There are 4 protein chains.
Amino acid sequence: MTTGTPVSRAERKKQELRREIIETAFDCFAERGYHATGIADIAARLGIGHGTFYRYFQNKRDIVDHVITDLVRTVVAALAADNAPDAVSSLAEYRTQTARIGDALAGIFGGDPRLARFLLLEAAGIDAEMRERVLDFYDGAAQLTAAYLSHGVELGYLRADLDVEGSARAINGMILAAVLASLRDPAPESQARLSAAIRRVMYDGIAARD
Amino acid sequence: MTTGTPVSRAERKKQELRREIIETAFDCFAERGYHATGIADIAARLGIGHGTFYRYFQNKRDIVDHVITDLVRTVVAALAADNAPDAVSSLAEYRTQTARIGDALAGIFGGDPRLARFLLLEAAGIDAEMRERVLDFYDGAAQLTAAYLSHGVELGYLRADLDVEGSARAINGMILAAVLASLRDPAPESQARLSAAIRRVMYDGIAARD
Amino acid sequence: MTTGTPVSRAERKKQELRREIIETAFDCFAERGYHATGIADIAARLGIGHGTFYRYFQNKRDIVDHVITDLVRTVVAALAADNAPDAVSSLAEYRTQTARIGDALAGIFGGDPRLARFLLLEAAGIDAEMRERVLDFYDGAAQLTAAYLSHGVELGYLRADLDVEGSARAINGMILAAVLASLRDPAPESQARLSAAIRRVMYDGIAARD
Amino acid sequence: MTTGTPVSRAERKKQELRREIIETAFDCFAERGYHATGIADIAARLGIGHGTFYRYFQNKRDIVDHVITDLVRTVVAALAADNAPDAVSSLAEYRTQTARIGDALAGIFGGDPRLARFLLLEAAGIDAEMRERVLDFYDGAAQLTAAYLSHGVELGYLRADLDVEGSARAINGMILAAVLASLRDPAPESQARLSAAIRRVMYDGIAARD
DNA sequence: CATGAATGAGTCTTCATTCAT
DNA sequence: GATGAATGAAGACTCATTCAT
């Protein structure tokens with residue numbers, strides 16, 4: 001029953017090129033910026049005619065949407081793996097989980113600086129709609145982090161009076177700062193050190209204990 | 001007979017228009033984005049000929065540089081007032097100072113959402129040079145915050161083993177998150193709540209105390 | 001089945017349009033002058049979009065370079081035909097050759113007054129670089145004429161003490177004058193008369209013989 | 001009776017500035033070309049406001065007309081001095097006179113290369129009207145030279161069958177060539193050599209005498 | 001009378017998009 | 001289905017000219 005698959009070889013090739021276009025567009029946008037990138041640049045780098053581009057995407061705006069959707073999916077997938085909020089039941093386990101998440105983030109963003117450059121610095125400037133999408137993303141991330149914190153509060157390993165929403169945004173802000181810092185100092189050691197500092201602040205705060 | 005001032009009326013008017021152009025450019029850039037804004041738009045909104053624009057600024061890139069320089073100056077000035085790092089000698093005083101700085105930030109960014117929108121979301125996407133300038137700004141802010149922390153460590157009201165640099169970036173990240181959040185929820189109460197949550201994380205962390 | 005040619009029909013059409021653009025640009029430049037001619041004028045006269053122009057030439061400066069290169073090539077080709085310097089071995093033959101060259105010049109420049117108007121009056125005023133190119137052209141022409149004279153001196157039908165270089169420039173100056181005169185009086189008879197006068201001066205000078 | 005003069009001091013100053021503007025405009029036009037020169041350039045070099053320019057000349061086109069009129073007057077004046085066509089009555093005297101005229105030309109154009117650059121290379125390209133003026137100038141020069149030749153024919157020291165008009169254009173062409181050559185090789189010796197070569201061609205032609 | 005601030009017509013040039021081949 | 005030639009809207013920028021001070 002090999003013919004059972006409704007996806008023909010031609011169809012698969014089409015999907016392949018579609019993917020290549022998205023990736024190449026990301027390359028270009030990250031390197032030269034969205035506005036400085038022409039459709040012709042993307043097509044030329046791929047070695048296809050720039051008319052072909054329009055057989056796969058509506059217009060320039062369309063492609064950038066897909067690029068971002070893809071990137072977000074990638075990031076979320078990498079983070080979600082083995083990191084469900086309710087897989088944790090003690091502070092020690094949560095510490096381990098946050099460390100793992102931190103490593104994952106470092107892996108994702110440290111492995112390809114274009115990712116941070118594009119998502120954090122370039123995307124929001126594309127147009128008003130994309131700006132809202134970026135803010136939506138931040139909101140979604142806050143909700144996700146809040147879920148982790150809620151779980152901790154419920155199980156008692158996080159402070160009972162924790163402002164879950166606010167703390168979630170605060171924590172995500174620290175992550176954001178770390179990713180931004182990686183753009184200037186991508187050395188893994190620096191990233192690890194910053195990650196540790198963030199976790200220290202996160203768990204213990206900065207105040208001296210009496 | 002106030003002719004004592006060496007600045008002629010014409011000169012003053014020129015400076016005034018120059019300032020108006022910068023402000024109007026900021027309006028336009030913040031509303032429609034840098035790339036979507038034409039010099040003609042700025043001039044039209046001001047009611048001047050677009051040729052006039054070029055009497056005051058070299059080109060489109062020139063104006064955005066001035067806009068940003070001005071904004072940064074404004075923000076820095078608002079924060080620097082009465083908030084010297086070494087004006088503090090105890091944790092209680094530092095708490096007060098951070099609250100004051102938080103209020104100042106809320107005042108600045110809450111008072112005009114365009115500020116955050118432009119500086120945090122738009123600016124970095126203008127071009128590569130501006131992106132670097134934004135990263136420079138983050139670096140400078142980190143150094144500034146680090147100075148505050150260093151002072152606290154020296155005086156003993158902050159943890160002796162604090163990773164000053166890393167914590168500074170972490171704290172600034174939380175501030176960044178708060179400013180970004182204000183774009184979606186500009187209500188002063190929300191801002192105050194988020195500010196409090198950040199300070200709570202900052203001083204005490206999120207972990208439950210045994 | 002003339003598919004043997006490796007040049008596709010599309011390619012040929014492209015070359016054709018390229019040529020048409022050069023010719024139309026020449027038309028415009030000669031009629032209204034380089035500076036008074038807009039790219040839009042050229043495109044409109046050709047019935048193409050002005051964006052199309054830029055698919056064939058880099059910019060306005062680029063096209064004028066090609067126009068001139070083409071014109072010079074045309075002129076040189078017309079003169080070079082059957083007029084090698086060393087194809088002559090006596091004064092009588094040289095007289096015949098100069099007459100033939102004169103006729104050729106009259107044919108070229110008399111046939112299309114725009115040629116002289118553009119090359120002699122317009123080109124040098126385009127910009128500094130083009131001015132040098134025009135002077136280069138005069139230098140080259142002087143060298144060419146000098147080659148003819150040298151040959152005559154060697155074979156003894158021209159004065160042994162002839163200042164070859166200087167005389168060459170002098171002769172070319174007379175030609176230049178004739179071409180310029182044709183702009184005001186393009187009648188073939190006038191041209192023929194002037195051509196004869198030049199040859200008379202050239203061979204015999206103006207002084208009465210004792 | 002010093003008040004008898006109708007020209008007030010203010011009036012004289014005005015005339016002076018007017019002259020300075022013409023000269024400075026010539027400087028600019030000759031150096032950077034007519035089209036590349038802005039009214040502001042001329043005014044700035046003179047240290048006057050560019051609005052002032054328009055108190056002395058109608059517009060940009062107006063000034064270039066005056067510049068050329070002035071230059072032509074200068075050239076003509078320099079040549080006319082002691083060189084009346086009928087001040088000569090023999091070939092020897094005519095030779096002397098042409099040598100003197102040659103020297104004068106060398107003095108004028110050799111002394112200031114901008115003169116040739118502007119009059120011969122730049123002027124005709126300004127616009128159609130100026131092109132006609134340049135051709136008018138060539139025509140006038142031809143008539144002038146023809147007057148000299150006519151005189152020589154009448155007195156018998158030039159060939160009786162001389163084509164006066166044609167020869168005049170031919171001779172002027174040689175002069176033109178010499179002036180153009182001076183732009184590339186301004187050395188007085190070169191000029192003198194070329195001048196001699198021209199006179200040799202003019203009087204004796206290039207053909208070997210049996 | 002000198003000034004230079006203001007103006008906007010005019011030009012080059014780019015690039016996303018369409019469509020005939 | 002791929003291609004790239006054609007297109008023209010759009011935008012940055014210049015500069016001759018005017019005119020209020």
Side-chain angles (χ1 to χ4, degrees), chain A residues 10-11 13-14 17 34-44 46-63, chain B residues 8-11 13-14 17-18 35-44 46-63, chain C residues 8-11 13-14 17-18 35-44 46-63, chain D residues 10-11 13-14 17 34-44 46-63:
Chain A
E11 181 61 23
K13 254 208 157 161
K14 203 173 165 180
L17 180 51
Y34 173 76
H35 287 103
T37 297
I39 295 298
D41 295 325
I42 300 171
L46 255 170
I48 64 172
H50 62 276
T52 308
F53 172 91
Y54 286 91
R55 301 200 133 280
Y56 290 82
F57 298 94
Q58 293 276 318
N59 51 39
K60 193 181 174 184
R61 187 49 219 275
D62 189 24
I63 182 75
Chain B
S8 71
R9 185 166 3 152
E11 182 61 25
K13 248 200 161 171
K14 213 175 160 182
L17 179 51
R18 195 185 155 81
H35 287 103
T37 297
I39 296 300
D41 297 324
I42 300 171
L46 256 169
I48 64 173
H50 65 274
T52 306
F53 172 90
Y54 288 93
R55 289 188 59 73
Y56 290 82
F57 297 94
Q58 293 275 320
N59 49 41
K60 196 180 172 184
R61 189 49 216 275
D62 190 24
I63 183 74
Chain C
S8 71
R9 186 166 3 151
E11 182 61 25
K13 247 197 160 173
K14 214 176 159 182
L17 179 51
R18 194 184 156 84
H35 288 103
T37 298
I39 296 300
D41 297 325
I42 300 171
L46 257 169
I48 63 172
H50 64 276
T52 305
F53 173 90
Y54 287 93
R55 289 187 58 73
Y56 291 82
F57 297 94
Q58 294 275 320
N59 50 42
K60 195 180 173 183
R61 189 50 217 273
D62 190 23
I63 182 74
Chain D
E11 182 61 25
K13 253 205 158 165
K14 203 173 166 182
L17 179 51
Y34 174 75
H35 287 103
T37 297
I39 296 298
D41 295 325
I42 300 170
L46 255 170
I48 64 171
H50 62 276
T52 307
F53 173 90
Y54 287 91
R55 302 200 132 282
Y56 290 82
F57 298 94
Q58 293 276 321
N59 50 40
K60 194 181 173 182
R61 188 47 219 276
D62 188 23
I63 182 75

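Being a predicted model, the structure only gives us computed values, none of them experimental. Labels below follow one simple rule: chain letters A, B, ... track the order of the sequence lines, proteins then strands, and each chain is numbered from 1.
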Subject >> Nucleotide-level pairing of DNA chain E, given in dot-bracket where Watson-Crick and G-U pairs need both distances under 3.5 Å and | marks other strands >> reply: .||||||||||||||||||||
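Applying the side-chain contact (heavy atoms from CB on, under 4.5 Å) criterion to A/Tyr56, with sequence neighbours excluded, gives A/Lys14, A/Leu17, A/Arg18, A/Ile21, A/Thr52. A search for ring-ring contact (aromatic ring centres under 6.0 Å, His included) contacts involving B/Tyr54 returns nothing, not counting sequence neighbours. Legend: residues meeting side-chain hydrogen bond (donor to acceptor under 3.5 Å, both in side chains) with C/Asn59, ordered by chain and number and at least two apart, are absent. For C/Arg61, the salt bridge (charged side-chain N to carboxylate O under 4.0 Å, His left out) partners are C/Asp65, C/Asp127, C/Glu129, not counting sequence neighbours. For C/His50, there are no side-chain hydrogen bond (donor to acceptor under 3.5 Å, both in side chains) partners, not counting sequence neighbours.
D/Tyr56 comes within 4.0 angstrom of the backbone, heavy atoms only, and of no base. Among the protein residues, B/Lys13 comes within range of no part of the nucleic acid, since none of its heavy atoms lies under 4.0 Å from any strand.
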Subject >> Sugar-phosphate or base contact per nucleotide [nucleotides 8-16 of chain E; S, B, -; heavy atom under 4.0 Å] >> reply: BB--SBB-S
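At least one test fails for B/Lys60 against the ring of B/Phe53: distance under 6.0 Å to the centre or angle within 45° of the axis.
Note that the first and last nucleotides of DNA chain F, 5' to 3', having any atom under 4.0 angstrom from a heavy atom of chain D are F/dA16 to F/dT18.
A distance of 5.0 Å separates CG in B/Leu46 from CD1 in B/Ile48, rounded to the nearest 0.5 Å.
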